[in-house]
Each structure stands twice: as structure tokens, then as C-alpha cells.
Amino acid sequence: MRPAAIRNFLLLASSLLFAGLSAVPQSFSPSLRIGPGTACRLSRAESERRCRAPGQPPGGALCHGRGRCDCGVCICHVSEPGVFFGPLCECHEWVCETYDGSTCAGHGKCDCGKCKCDEGWFGDACQYPAHCDLTKKKSNQMCKNSQDVICSNAGTCHCGRCKCDNPDGNGLVYGKFCECDDRECIDDETEEICGGHGKCYCGNCYCEAGWHGDKCEFQCDITPWESKRRCTSPDGQICSNRGTCVCGECSCHDVDPTGDWGDIHGDTCECDERDCRAVYDRYSDDFCSGHGQCNCGRCDCKVGWYGKKCEHPRSCPLSVEESIRRCQGSSDLPCSGRGHGTCSCGRCVCDRGWFGTLCQHPRKCNMTEEQSKSLCESADGILCSGKGSCHCGKCICSAEEWYISGELCDCDDRDCDKHDGLICTGNGICSCGNCECWRGWNGNACEIWLGTDYP
């Protein structure tokens, strides 16, 4: 081929190549570099324009902030969970709306961050049916939260599904019942979510390491590792698993992980005053059975007493028979039977998991609140006759009214007969208004001795 012909062929091929590139959409333009390491044929302004979403002004985010611009082409990268793709890195496989735990409510497909709904469904998450077969009453019932409030007063009910109020279009109010409001996470001064130092989930800030506060507004002056070291308790747990570590200091909870109330304190929340009480009552000062001093959950007993809670006298003035009677109360077995506790000199020492004067109450309840209340209601429908509290289906009668007893706190021991000013003459116990006499005694007030030798 002649040199002139070769030159004309190259010019024609170049023009065709340029025309072909011009026909390709700008978002899909290949890199306009001649070869690796060579300069870009586009100006910087033109390169950035091609990497910017349509309608964005100069200076706007390139590649949606999810990649870098290389001579007019977006190279996507991962900075958070999921995969970015698309000509301008505009698509993210995990960003489609969810409803009740399902992407696109199970009624559509996720396409580049938006739900494409199946026929008969609509909404950002395809959660709303186009035609509703529910009555308004049934629809509203399905929209009520656990407090029986429709859509938590933060949205409207549409065919049994809540549509949350987001007039600004920011989506900060969400949840199946619109129960989450991330506006609670906005810092009043910076107007940023969690002050820009944490993530918000359902109205609560979860701060990055080194930050704390309701809205992550405070910064620690020590490293996270030093903070953890200071909060580690002798058993190796953070704040003994009974508190929160904030900047190297433990903020102890008043409720432990089992749900029980407690007087918890100590540098690492290692002290629990419940360990010093035979029967725990957070409003009582009856530590160590009244026979000792509580020091960080351990009892230092007075002279003449011993035991973990100073519950055992060195010598017992009661007979074995009388001791068992006192531990038995109105039940069939002492201390409510084997596995609940043991009787020591007329007092029940409860095993782990039980409490009460007769070890009759379980600390952990395996029934619902409704089931528990139904067992505590008296015939008139009043809980524990209005004279006690309900715990796991059993009534705990008021400690201030010593004379109240019975399974439903429906007994008044003051109704028992007296003799010489003493209930049951001191020769028996009052059981729901009737005296139950010790062996050898009889009478309405146990005032008659029937034994052979007068005591």
C-alpha cells in the first residue's frame, strides 16, 4: 500500500473512533488516556463534570462520594458494607427499603437502591396493597403498637400498615409502628446525627470509640484501651456486667441482667448489697438479717451470729419442733419444701433462686405478666386484695402491715382471738383469722392447756 493511502486510512479510522466515542453516553465513557501512566486528554473540569451526577453544581460530590474519578470515569470503592456499582457508583445492593425485616416487603425487587414493586403493591418498600380488603377497625388494630397507640402517633394507618410522617422526606421516622424517631439523635448545636461521632438506631446513639454522651457529644481524654482497663472488674468483666463504662468510669445499673433490682456500687460495680439480705427489699435497711454489717456484698457478723447473711445464732433458744413450726407457717413443708430453703432456728435460709420469709417466691418468673396477674386476683378482681404486690403468680403481702397474710393477702391476723392481750395467747400462730395451736394447747385463742404437765 502507498504511503499516501496509509495516511488516508489512519485519518479515516481516527475520525470513526472519535465519532464512536462521542455516541457513547458520558456516564459510560472509557478512560480518555492514550496509555497507562499517560496524561488525561480531558481537562480537570470536564473530567469531574462527567463523574458528577446530572444537575449537580461544580464542586459537588464525585461518583456519589463512593469512588474516585479517573479521567471522566468513576472507579467505585467500598467504604461500608455492601457493593457499589453503576456508571457513577450510584447503586448500592443493600440500600433498598425494608418492611418488617424483608427487603421490598417481599413484594418487589431491589434495583439500584429502589424497590420495583410487584403488581398490586406500592410504597418505598412495596409495603402497601393497592386494594384493601380489611375493615377500618381491623386495619387500625393491626397498626397499634404495644401501648395500643396507632402508629405511635407518628404516622397514619393504611390497610393494616403504618405510613410514617416524614414531611422533610428524610426518613428519620420509621419502624413497623413508626416507633423509631432518629430526630432524637440530632445534636442541638451541630445539627448532626449523634454529633457526627456515632450511628443512630431507633432514636439511640451508639458512639464511636472515644466518644460518649446521649448524642456522642463528649470526647474522652484517655484511649479506649485505657478506659476498658479501668472498668474491668476482678472477674474480668466490664463493670461486672452490671454497669456501663464511660471514659474509664463505671456507671452502675440499678437493675442487673436478670431484671432484679439491686443496690449495686463499687469502682467496677463489683458490690451488690442484695448479697447481704436474706429477703431482698430495696426499701429496707435489714442487712445481714439485722445481725451484722454489710461490706461490699459480704456480711461481717456480730458476736453470737454466723452464716453468709448472719442468719444462724451460735445457740438457738427454740426447740427443733418449734423452729420447724415457725419455718412452716401455713404451708405443708418447712421453707416451702426441698430445694427452696432450709430452716435455721425458726428462720428460713433461702436457696439461690428463691426469696420470701418462707422461700416461697421464685426470683425468675417463667410466666407472662397477664398469667401472673390472673393468679393474684381475688374474687373481687383486685390484685392481692389491694394489700400487696404480685410476683410470678404469688402475692407478696405488705411488710408494713405485719398482720396481713394469706395467698391473696386476704387474711388479717388481727381477727384472731386474743387472750391476755396476745394473739393466740402466744401458744400458736394465726392462719387467716383462725388460731392454729401448738401441740398441747387448745381453744379459740389457744388459751387452754390439755397436756399432762403444765409448761
Side-chain angles (χ1 to χ4, degrees), residues 137 140-141 144-150 152-153 177 254-256 258-263 273-274 277-286 325-337 339-341 346-348 350-418 421-424 426 428-437 444-446:
K137 182 178 180 181
N140 286 342
Q141 191 65 36
K144 288 182 178 180
N145 61 16
S146 57
Q147 284 78 43
D148 282 340
V149 179
I150 295 176
S152 306
N153 282 334
F177 302 107
D254 204 20
V255 179
D256 75 0
T258 67
D260 290 336
W261 289 94
D263 290 325
E273 301 305 322
R274 287 175 303 178
R277 299 180 183 181
V279 180
Y280 181 73
D281 179 358
R282 70 191 308 259
Y283 300 107
S284 169
D285 291 327
D286 184 21
R325 283 200 190 102
R326 293 192 181 187
C327 289
Q328 188 170 329
S330 59
S331 62
D332 296 329
L333 296 170
C335 303
S336 303
H340 289 228
R347 294 172 62 100
C348 286
C350 300
D351 294 341
R352 181 179 293 273
W354 295 90
F355 73 102
T357 54
L358 299 177
C359 306
Q360 70 273 39
H361 302 298
R363 288 195 180 276
K364 189 174 183 180
C365 188
N366 294 319
M367 62 177 67
T368 65
E369 186 177 355
E370 290 74 16
Q371 290 172 329
S372 175
K373 286 183 177 180
S374 67
L375 295 173
C376 290
E377 286 184 354
S378 52
D380 53 7
I382 299 176
L383 210 63
C384 299
S385 306
K387 299 176 182 177
S389 59
C390 183
H391 179 86
C392 201
K394 293 187 178 181
C395 289
I396 302 176
C397 303
S398 172
E400 296 178 359
E401 298 175 297
W402 58 268
Y403 42 83
I404 299 299
S405 63
E407 290 187 1
L408 299 175
C409 302
D410 51 348
C411 300
D412 191 332
D413 288 354
R414 294 175 299 180
D415 294 337
C416 277
D417 289 324
K418 298 179 182 179
L422 296 174
I423 292 177
C424 302
I429 61 171
C430 184
S431 177
C432 209
N434 296 302
C435 288
E436 292 185 358
C437 305
N444 292 335
C446 303

| remark: Nearest heavy-atom approach of L408 to E377 is CD1-O, 4.0 Å
| query | For C384 and C409, what are the C-alpha separation, side-chain angles and deciding distance, and is it a disulfide (SG to SG under 2.5 Å)? | reply | CA-CA 5 Å; C384 299; C409 302; 5.0 Å; no
| Just by distance, do the side chain of Q371 and the backbone of T368 share a donor-acceptor pair under 3.5 Å? | yes
Return the [atom1] to [atom2] distance between [X] and [Y], rounded to the nearest 0.5 Å.
{"X": "N145", "Y": "D148", "atom1": "CG", "atom2": "CG", "value": "7.5 Å"}
{"X": "S389", "Y": "L383", "atom1": "OG", "atom2": "CG", "value": "8.5 Å"}
{"X": "Q328", "Y": "C335", "atom1": "CD", "atom2": "SG", "value": "9.5 Å"}

| field | Side-chain donor-acceptor pair present, S385, D410, cut-off under 3.5 Å | value | no
Between [X] and [Y], is the SG gap short of 2.5 Å?
{"X": "C424", "Y": "C435", "answer": "yes"}
{"X": "C359", "Y": "C348", "answer": "no"}
{"X": "C376", "Y": "C390", "answer": "yes"}

| task | Flag the pair V149 / K144 as yes when at least one side-chain heavy-atom distance between them is below 4.5 Å, and no otherwise. | result | no
